[in-house]
Chemist: 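The following block contains the structure, expressed as structure tokens.
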2 protein chains.
Amino acid sequence: MGSAENSSKGSKGSKGVERKSHTQIAIDEIKRLIIENELPAGSSHLESELAEKLGMSRTPVREAALILETLGLLWVRPRHGIQVRPITPGDMNEIYLIVSELEGLAAQLAAERKLDDADLATAQKAIDDMDLALEHDNREQWAAADEVFHRELLRLSGSERIAKLVETYNNQVKRIRNYTLHLRPSPVQSNEDHCKLLKAIRRSDAAAARAIHTEHRNRARILLVALLEKYKFN
Amino acid sequence: MGSAENSSKGSKGSKGVERKSHTQIAIDEIKRLIIENELPAGSSHLESELAEKLGMSRTPVREAALILETLGLLWVRPRHGIQVRPITPGDMNEIYLIVSELEGLAAQLAAERKLDDADLATAQKAIDDMDLALEHDNREQWAAADEVFHRELLRLSGSERIAKLVETYNNQVKRIRNYTLHLRPSPVQSNEDHCKLLKAIRRSDAAAARAIHTEHRNRARILLVALLEKYKFN
DNA sequence: AAATTTTTTAATGCATACGTAATTTTTAGG
DNA sequence: CCTAAAAATTACGTATGCATTAAAAAATTT
């Protein structure tokens with residue numbers, strides 16, 4: 001579900017900084033609090049609490065909560081507060097199944113667009129960064145570059161809708177990914193996949209691009225679901 | 001995207017009818033007005049107008065608008081009102097690409113669940129209804145049964161998330177589908193596809209189920225996009 | 001007449017008020 | 001001590017009020 005406007009209104013106009021509505025601030029801030037686990041999964045918070053915390057009235061907090069509920073990040077449970085939606089292993093599996101498909105489709109679309117090396121420069125840079133991070137065994141750096149790569153892939157697909165959708169689902173699992181970052185085996189395979197994918201896109205081999213990426217994500221799915229079941233973060 | 005709560009709260013509890021919030025009424029009603037084309041694509045409506053029309057204050061209308069914007073049905077354009085989002089041929093193509101993937105995945109998941117004839121009874125009934133409707137050349141009846149079939153397929157996949165997502169996107173294009181219903185060729189091929197799909201699910205052939213359905217939807221995509229380009233409904 | 005400035009209008013964003021109903025606490029009874 | 005009824009609390013749903021500021025209209029200047 002993606003909206004055309006909600007996730008990130010432009011921040012600066014020609015002169016001065018654009019004014020951000022309280023509702024938008026609430027959306028961004030509550031999202032951040034959830035992703036960075038400052039509001040733990042399953043925890044509940046009254047509208048008035050969050051309003052006070054964010055220094056605004058209940059109205060924009062309510063509006064933000066309704067939007068974030070629609071985006072799957074929380075549940076609004078009248079008189080029990082706004083509850084951070086936990087991710088079960090089953091949820092994780094479902095989300096990754098969906099993301100695998102959508103990113104696979106994105107890879108296919110990107111390959112069909114006959115992109116040249118210039119178009120793929122950012123993606124290539126992200127791959128290089130990941131290699132570098134791997135050498136230094138720096139997981140955070142690797143994860144940052146990985147995120148750039150996946151975001152870039154979605155941009156290259158040319159489909160705004162797919163990009164929004166995947167972003168929405170990624171937000172739902174980002175919290176867990178932070179936990180598992182250091183529990184996963186070294187992502188050497190990942191880097192190989194990325195290289196192969198980029199090559200397939202470069203030679204406009206849509207079927208291969210798609211297959212490689214779907215498979216790439218499915219491996220991640222199985223791995224993460226297993227970790228989630230083992231360590232039970234939520 | 002999909003929320004766990006927004007689209008349809010249960011309507012009746014053990015005693016009496018459950019009270020529906022004004023916000024929920026606004027969501028349902030505005031959605032209906034858009035899908036049934038009573039609010040034409042591209043038209044704008046002030047919060048106060050809709051509030052009056054629905055017999056409530058601006059507050060619940062605002063909340064509904066934000067949710068429906070997140071669900072992709074409209075745009076909130078401050079001081080220009082709430083605008084019904086038009087569907088361009090490009091949008092249609094994108095939406096059908098996404099739905100093809102997701103329903104294909106749903107078909108695969110359904111096939112993997114080893115369902116028996118009893119589980120598939122509703123789907124089979126829908127197919128029979130479609131055949132009947134075809135014989136009488138009744139398009140509306142056919143469309144209704146087709147909708148039942150697709151909804152049932154999603155239910156059989158066991159994935160709440162996929163079901164919600166597809167429903168969201170279907171809502172975005174339902175308006176167009178109504179227009180084109182009588183412009184399309186007789187959906188004989190469709191019925192064959194449905195039969196083949198159900199058989200594949202019955203024998204738990206996940207790959208086949210998936211391929212059949214994705215292909216089925218892709219044919220519909222090409223057809224509808226062509227119609228949309230030809231007749232320019234929006 | 002076109003362009004620019006000033007004035008007017010009014011839609012929105014947000015805070016606030018308040019009735020209602022759900023929840024919690026208290027009290028009474030077993 | 002446990003259960004059930006009564007009372008108190010309070011979170012929410014919704015309406016309303018109002019300052020802000022974008023848009024429209026009017027007035028003024030080129």
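Keep in mind that what you see is a predicted model, and the values were worked out from it rather than measured. Chain letters run A, B, ... following the sequence lines, proteins first, then strands; residues in each count from 1.
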Chemist: What's the separation between atom CG in Leu73(B) and atom CD1 in Ile27(B), rounded to the nearest 0.5 Å?
Modeler: 11.0 Å
Chemist: Please check if the side chain of Glu94(A) supplies one atom and the backbone of Arg161(B) the other of a donor-acceptor pair under 3.5 Å.
Modeler: yes
Chemist: Going by heavy atoms closer than 4.0 Å, what residues in residues 46-62 of chain B are next to DNA chain C?
Modeler: Leu46(B), Glu47(B), Arg58(B), Arg62(B)
Chemist: Please report the distance, rounded to the nearest Å, between CD in Glu69(A) and P in dG13(D).
Modeler: 10 Å
Chemist: Which residues pass the side chain to side chain contact (heavy atoms under 4.5 Å, CB included) test with Ala143(A), not counting sequence neighbours?
Modeler: Leu181(A)
Chemist: By the side chain to side chain donor-acceptor pair (under 3.5 Å) test, which pairs, at least two apart or in different chains, include something from residues 44-55 of chain B?
Modeler: Ser43(B)-His45(B), Glu47(B)-Arg58(B), Glu47(B)-Arg62(B)
Chemist: Mind checking what makes side chain to side chain donor-acceptor pair (under 3.5 Å) contact with Arg32(B), not counting sequence neighbours?
Modeler: Glu29(B), Glu36(B), Glu38(B)
Chemist: Under the salt bridge (charged side-chain N to carboxylate O under 4.0 Å, His left out) test, which residues partner Arg221(B), sequence neighbours left out?
Modeler: none
Chemist: Is the shortest heavy-atom distance from the side chain of Val173(A) to the side chain of Tyr96(A) under 4.5 Å?
Modeler: yes
Chemist: As a check on the pairing definition, encode DNA chain C in dot-bracket form, counting Watson-Crick and G-U wobble pairs whose two distances are under 3.5 Å, and using | for partners outside this strand.
Modeler: ||||||||||||||||||||||||||||||
Chemist: Anything under 4.0 Å to a heavy atom of chain A counts; send over the first and last such nucleotide of DNA chain C, read 5' to 3'.
Modeler: dC14(C) to dT23(C)
Chemist: Go through the side-chain N and O atoms of Gln124(B) and His194(B) and say whether any donor and acceptor fall under 3.5 Å apart.
Modeler: no
Chemist: Between the protein and nucleotides 19-23 of chain D, which nitrogen or oxygen pairs are less than 3.5 angstrom apart?
Modeler:
| unit_1 | atom_1 | unit_2 | atom_2 | d |
| --- | --- | --- | --- | --- |
| dA22(D) | O4' | Arg79(B) | NE | 3.3 |
| dA23(D) | OP1 | His80(B) | NE2 | 3.0 |

Chemist: Can you list everything that forms a salt bridge (charged side-chain N to carboxylate O under 4.0 Å, His left out) with Lys174(A)? Sequence neighbours excluded, please.
Modeler: Glu147(A)
Chemist: List in chain and number order the residues that pass side chain to side chain donor-acceptor pair (under 3.5 Å) with Asp119(A), two or more places apart in sequence or in another chain; answer none if no residue qualifies.
Modeler: none
Chemist: Please report, rounded to the nearest Å, how far the P atom of dA15(D) is from the CD atom of Glu63(B).
Modeler: 10 Å
Chemist: Checking Arg177(B) now: which residues fulfil salt bridge (charged side-chain N to carboxylate O under 4.0 Å, His left out) with it, not counting sequence neighbours?
Modeler: none
Chemist: Using side chain to side chain donor-acceptor pair (under 3.5 Å) as the criterion, list what pairs up with Thr88(B), not counting sequence neighbours.
Modeler: Asp91(B)
Chemist: Would you say Thr23(B) reaches dT14(D)'s phosphate, i.e. side-chain N/O to OP1/OP2 under 4.0 Å?
Modeler: yes
Chemist: Could Lys164(A) and Glu167(A) be called an ion pair, given the rule that one side-chain N must be under 4.0 Å from one carboxylate O?
Modeler: no
